[in-house]
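Here's the structure we're looking at; comments come further down.
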Amino acid sequence: MFNKNEFGENFKWGISTAAYQIEGAHNVDGKGASIWDTFSNQSKKIVGNHNGNQACDFYNRYVDDLQLIKSLNIPNFRFSISWSRILPNGTGVVNQKGVDFYNRLIDSALELGIDPWVTLYHWDLPQELENKGGWTNREVVNWFSDYVELCAKKFGDRVNHWMILNEPMVFTGAGYFLGVHAPGRKGLRNFIPAVHHATLCQSQGARILKSIHPNSQIGTTFSCSHLEPNTNSEKDRIATIKVDALINRLFIEPSLGLGYPTNDLKLLDRIYSYFQPNDEKLLPYDFDFIGLQNYTREIVTHSYFVPLLNAKLIKADKRKVPVTLMNWEVYPESIYQTLKKYDAYPQIKKIIITENGAAFHDTHFDGKIIDEPRTNYLKTHIREVLRAKQEGVKVEGYFVWTLLDNFEWAEGYYPRFGLVHNNFMTQERIIKQSGYWYKQFLE
Ligand code: FCB
């Protein structure tokens with residue numbers, strides 16, 4: 001076994017969450033609706049017709065939950081701000097009660113010696129802004145800029161670590177292309193402008209924060225999967241290059257000054273029609289760190305049936321490999337390969353793994369929750385992070401996804417990712433074996 005000292009004293013250990021997945025209190029104290037409130041309350045959008053109205057009731061239980069984090073020896077807590085809690089219409093009038101909530105949360109964390117890491121956008125766009133076109137409307141750059149400025153001014157005196165966006169590929173891809181996440185829009189005509197505007201917000205948001213708090217550490221996060229072609233054929237290899245451009249390179253490369261990877265992804269050519277004269281200069285930003293979120297590897301094959309991309313992923317259950325409840329392959333080396341891949345970009349200064357974790361059925365035994373598969377998942381993945389670090393990869397932090405079983409987007413409450421079990425009827429929390437393992441590891 002390895003121990004945490006092998007990662008060095010400055011390595012940041014943490015736990016990650018997101019507002020909509022835990023807060024609940026969806027319509028109290030002046031909060032406005034977000035696209036996730038709307039989407040999850042429509043019928044048949046979410047497995048089991050679940051919604052995030054109550055979730056883990058973190059809004060009312062944050063003091064106890066911070067104590068829980070403290071008791072698990074976790075020094076860094078990543079959470080997101082709900083835009084429509086502080087700006088109910090997305091822009092304009094500020095909801096003081098919402099601001100007060102995040103002030104209390106930040107202050108309580110700091111009192112316990114827990115460092116707050118704040119994500120500005122974890123998918124819950126104010127519904128009022130979606131009514132005006134949401135991410136497809138160029139105005140979103142101005143709306144987002146005002147929101148970021150407000151957060152910087154209200155919370156920036158105490159928050160040192162910021163992440164601008166959470167996984168832009170997922171919220172634009174699932175939300176504006178596939179329609180399986182909020183706001184449920186489909187097609188390239190929604191996806192392409194959403195991509196461009198999110199990429200602009202990614203760098204603009206960072207510039208605004210930095211101008212107000214020059215000493216803060218600013219990052220942004222990306223979903224990334226290690227990809228392998230199904231066979232060595234030319235067709236599968238080309239398919240893999242295209243999927244890589246789409247899911248691993250699309251949002252990071254413009255920020256690194258490399259532009260959109262349209263050479264390898266012709267279907268995105270249309271993006272330039274959304275450019276305004278100065279955009280090329282606005283896309284890059286020199287982030288202090290890059291957050292990588294890796295859960296699995298994907299196998300890619302050529303497909304005549306997928307228009308434009310001509311590529312598809314082979315689902316893990318078809319490959320007879322070990323899987324999690326999300327049907328994601330358990331493949332620890334994927335996190336090592338992911339770290340190596342991004343480390344090779346000389347422009348990236350520092351990498352933090354801002355999410356990694358797994359959903360499994362948890363076994364209850366004698367009042368305890370024995371989650372051997374999750375415990376093993378964490379151990380084997382953290383070991384792969386160490387392997388990369390020992391080879392000189394500039395990885396300086398690791399955050400587990402997640403503290404509590406919570407509202408897992410389109411999958412509802414079914415897949416449990418928490419280190420802490422949540423009973424959604426009583427809101428009783430029970431630390432799982434994996435939580436005790438992490439606690440002991442961090443001691
Ligand atoms: C990531 C999301 C996070 C959570 C995990 C399982 O894509 O950022 O909110 O749902 O997946």
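Note that these values count all heavy atoms, side chains included, but never hydrogens, waters or copies made by symmetry. Counting convention: from 1, in listed order, for ligands and their atoms alike. If you're wondering where the values come from, they're calculated on a predicted model, not measured in any experiment.
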Pair Phe441 + Phe2: ring centers closer than 6.0 Å: yes

Aromatic ring proximity, centroids under 6.0 angstrom, Tyr413 and His50: yes

Salt bridge present between Asp57 and Arg61 (N-O < 4.0 angstrom): yes

More than 12 heavy atoms from other groups under 6.0 Å of CZ on Arg189: no

Taking atom 7 (O) of ligand 1 as the reference point, the nearest protein heavy atom with its distance: Glu167 OE1, 2.5 Å

Shortest protein contact, atom 5 (C) of ligand 1 (heavy atom only): Tyr295 OH, 3.2 Å

Met326 touching ligand 1 at heavy-atom level, < 4.0 angstrom: no

N/O to N/O below 3.5 Å, does that happen between [X] and ligand 1?
X: Asn166; result: yes
X: Glu355; result: yes
X: His122; result: yes

Give the numbers and elements of all ligand 1 atoms closer than 4.0 Å to a heavy atom of [X].
X: Glu408; answer: 4 (C), 6 (C), 10 (O)
X: Gln293; answer: 8 (O)
X: Phe417; answer: 6 (C)
X: Trp409; answer: 3 (C), 4 (C), 9 (O), 10 (O)

Sole residue of Phe77, Trp162, Phe399 in ring pair (Phe, Tyr, Trp, His ring centres under 6.0 Å) with Trp117: Phe399

Side chain to side chain contact (heavy atoms under 4.5 Å, CB included) partner of Leu105, chosen from Phe155, Phe79, Tyr59: Phe79

Test item: Arg319 side-chain N/O and Ile314 main-chain N/O as donor-acceptor pair under 3.5 Å: yes

